[in-house]
Amino acid sequence: MLACAKKPVESAGVTGAAQAATPAVGGAVPATAGGTPVAANSITPAFGPVGFATENGGTTGGAGGRTVAATTLAELTEYAKSAEPLIITISGTISGGTQGASVRVSSNKTLLGVGKNGFLEGVGLTISDQRNIIVQNLKFTMSTVTNTKINDEKRPQVAVNDGDCITIQGTSQNLWFDHCEFFNQDPATQLNQDLYDGLIDAKGASAFITISWNYFHDHHKAHLIGNSDKDAGDRKVTFHHNYYLNIHERVPVYRFGTGHAFNNYYKHVYGTGINSRVGACLRVEKNYFEDVKNPVVSKNSDVLGKWDVSDNMYVDCTGSQPTTSTCSLTPPYQYASVLNDAAQVKEIVVQGAGVGKL
C-alpha cells in the first residue's frame, strides 16, 4: 500500500504490454480556457461499461431503438419521457434559462453528446423509478439558474431539480454516467454550499450504478449516496477513472451498503474526500489523492462507515489517510483489465476524463 507525503517522480512513459492499453505517463497536462483537461498524449485508454451497472442484467440504454436528435428543450423533454427505447443525441447547448428546467428520463434511453458541444445548461435530469439509462459525453451546469427557494437550512437553493445536475431516486436501477463534465462555481468565491446541491446524487432504492470517466470541478458537494441516516439500502455504485478538481466535499458521501471507488484522481478536495457513513463498506482502490483533506474518512454520523483500502496514493494530503482496512469487499464484476496502478492514475485520468474523449 502507498501512503506518500512526497510527490512521486513522474515516469517518461510506460513500457511493455501496458503501453498498448494506457496513455504514456508524461509531464503536466494543459487545460483549455473552459477548464476541460486536454490530453498531452494521443494513446487512448480502454473505455466501456465496467462496474455495478454491468450487473443485474446489464445497462444498454437505448440500444436497439431509434436514434433521434434533440435540439431544443421541448424536444429533449418529449424524447426523454417517451416509452420507446431511444438514443437521443445532443449536438449543441440546450438551456433552461435563468428559471432552469428539469427533464425526467424514462427507461431504455441513451443521452449522448456529439463531439464536445453537447451541453445541458441549467437543465437537470431526474431519474425516478426507471432503469437501463446511459448518459454520456455531455456537459452539465446549474450555475446559470437564478430561480431559488429557501431550503430547510434557511439558505437559498436552486429550485429546479433541487439544484442537482442529476437526481436518482426511487427504484431506479442500471444506470451509467460516462465521459461527462459537471461544474458550477468556484466554492472559494461562491460560499453558499447549498445553492447548487449535488452533481450526481442517488437515494432510495436506486442501485447498480456506474459513474466513470467524468470531470467534476468547481463545486461544493459532488455526490450524496443516501440522503439521510435513515435512508437504508445497498445502492451498489462504482466510481472509476473520474477527475475531481476544486471540490469542497462528498466525493462521495456514502451511507449504508457497498460501493467501489478505483482509479479516480482527486485534486484540491479541501473539506472531506470519500466519507463512508452508517455502516457502509467501500472498496477504495488504487486512487490518486493530491492536496486532499481527509481523503478517506468517516464523520457526521453516529454510526461509522468502513473501508477496504488497497494501494492508494496520498500526495500532499492531510487528515485521515488510511492504509489498513476496517471491512472487506470483493466486487462481483470483472475489472482487472481496466485497473491501473495508482502512480499512473493522474495522467491517465486527466487525459481520458470528460467530454470529447470517446
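Judged purely by atom type and a 3.5 angstrom limit, D234 uses its side chain to pair as donor or acceptor with the backbone of T258. Checking side-chain atoms of R277 against main-chain N and O of N300 turns up a donor-acceptor pair under 3.5 Å. A distance-only check finds a donor-acceptor pair linking the side chain of N287 to the backbone of A261 [under 3.5 Å]. Panel note: side chain S325, backbone V309; a donor-acceptor pair is recorded below 3.5 Å. Without hydrogens or angle criteria, N151 side chain to K154 main chain gives a donor-acceptor distance under 3.5 Å. Proximity of a side-chain donor or acceptor of N161 to a complementary backbone N or O of L125 within less than 3.5 Å is detected. Although no hydrogens or angles enter the test, the distance criterion places a donor-acceptor pair under 3.5 Å between the side chain of S106 and the main chain of K81. A donor-acceptor pair under 3.5 Å is formed between the side chain of N137 and the backbone N or O of G356.
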Audit row: K221, D194, salt bridge (Lys or Arg N to Asp or Glu O under 4.0 Å) steps and yes/no: CA-CA 8 Å; K221 302 178 292 186; D194 292 343; 2.6 Å; yes
side-chain hydrogen bond (donor to acceptor under 3.5 Å, both in side chains) assessment of E75 paired with T71: CA-CA 7 Å; E75 288 176 341; T71 59; 2.8 Å; yes
Verdict with reasoning, L175 to F208, per side-chain contact (heavy atoms from CB on, under 4.5 Å): CA-CA 7 Å; L175 313 173; F208 299 102; over 6 Å; no
Chi angles and distances behind the side-chain hydrogen bond (donor to acceptor under 3.5 Å, both in side chains) call for S107, N132: CA-CA 6 Å; S107 297; N132 191 32; over 6 Å; no
Verdict with reasoning, H179 to F47, per ring pair (Phe, Tyr, Trp, His ring centres under 6.0 Å): CA-CA 10 Å; H179 279 95; F47 301 141; 4.2 Å; yes
Criterion side-chain hydrogen bond (donor to acceptor under 3.5 Å, both in side chains) on T141 and S143, from CA distance to verdict: CA-CA 5 Å; T141 189; S143 62; 2.8 Å; yes
Trace of the side-chain hydrogen bond (donor to acceptor under 3.5 Å, both in side chains) decision for N117 with S91: CA-CA 6 Å; N117 299 320; S91 59; over 6 Å; no
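Residues S95 and T93 have side chains that never bring a donor and an acceptor to within less than 3.5 angstrom of each other. Under 3.5 Å, the side chains of E181 and H217 contain a donor-acceptor pair of N or O atoms. Side-chain polar atoms of S301 and D229 form a donor-acceptor pair below 3.5 angstrom. Side-chain atoms of D178 and N214 include no donor-acceptor pair closer than 3.5 Å. With no hydrogens or angles considered, no side-chain donor-acceptor pair links E249 and N275 at under 3.5 Å. Side-chain contact annotation: R131 with N174, donor-acceptor N/O pair under 3.5 Å present. Checked by atom type, the side-chain pair W176/S212 shows a donor-acceptor distance below 3.5 Å. The closest side-chain donor-acceptor pair between T189 and Q185, if any, does not fall under 3.5 angstrom.
In summary, E84 and R66 engage in a salt bridge, as defined by a charged side-chain N under 4.0 Å from a carboxylate O. No salt bridge links D201 with R250; every basic N to acidic carboxylate O contact stays at or beyond 4.0 Å.
Taken to the nearest 0.5 Å, the CZ atom of F182 stands 7.5 Å off from the CZ atom of F177. Atoms CZ and CD1, from F239 and I274 in turn, are 8.5 Å apart once rounded to the nearest 0.5 Å.
When the side-chain hydrogen bond (donor to acceptor under 3.5 Å, both in side chains) test is applied to T238, the partners found at least two apart in sequence or on another chain are Y333. In this structure L339 satisfies the side chain to side chain contact (heavy atoms under 4.5 Å, CB included) test together with F262, N263, E285, K286, Y335, sequence neighbours excluded.
You'll find the ring centres of H223 and Y244 inside the 6.0 Å limit.
Here salt bridge (Lys or Arg N to Asp or Glu O under 4.0 Å) pairs that include residues 101-120, with residues two or more places apart or in two chains, number zero.
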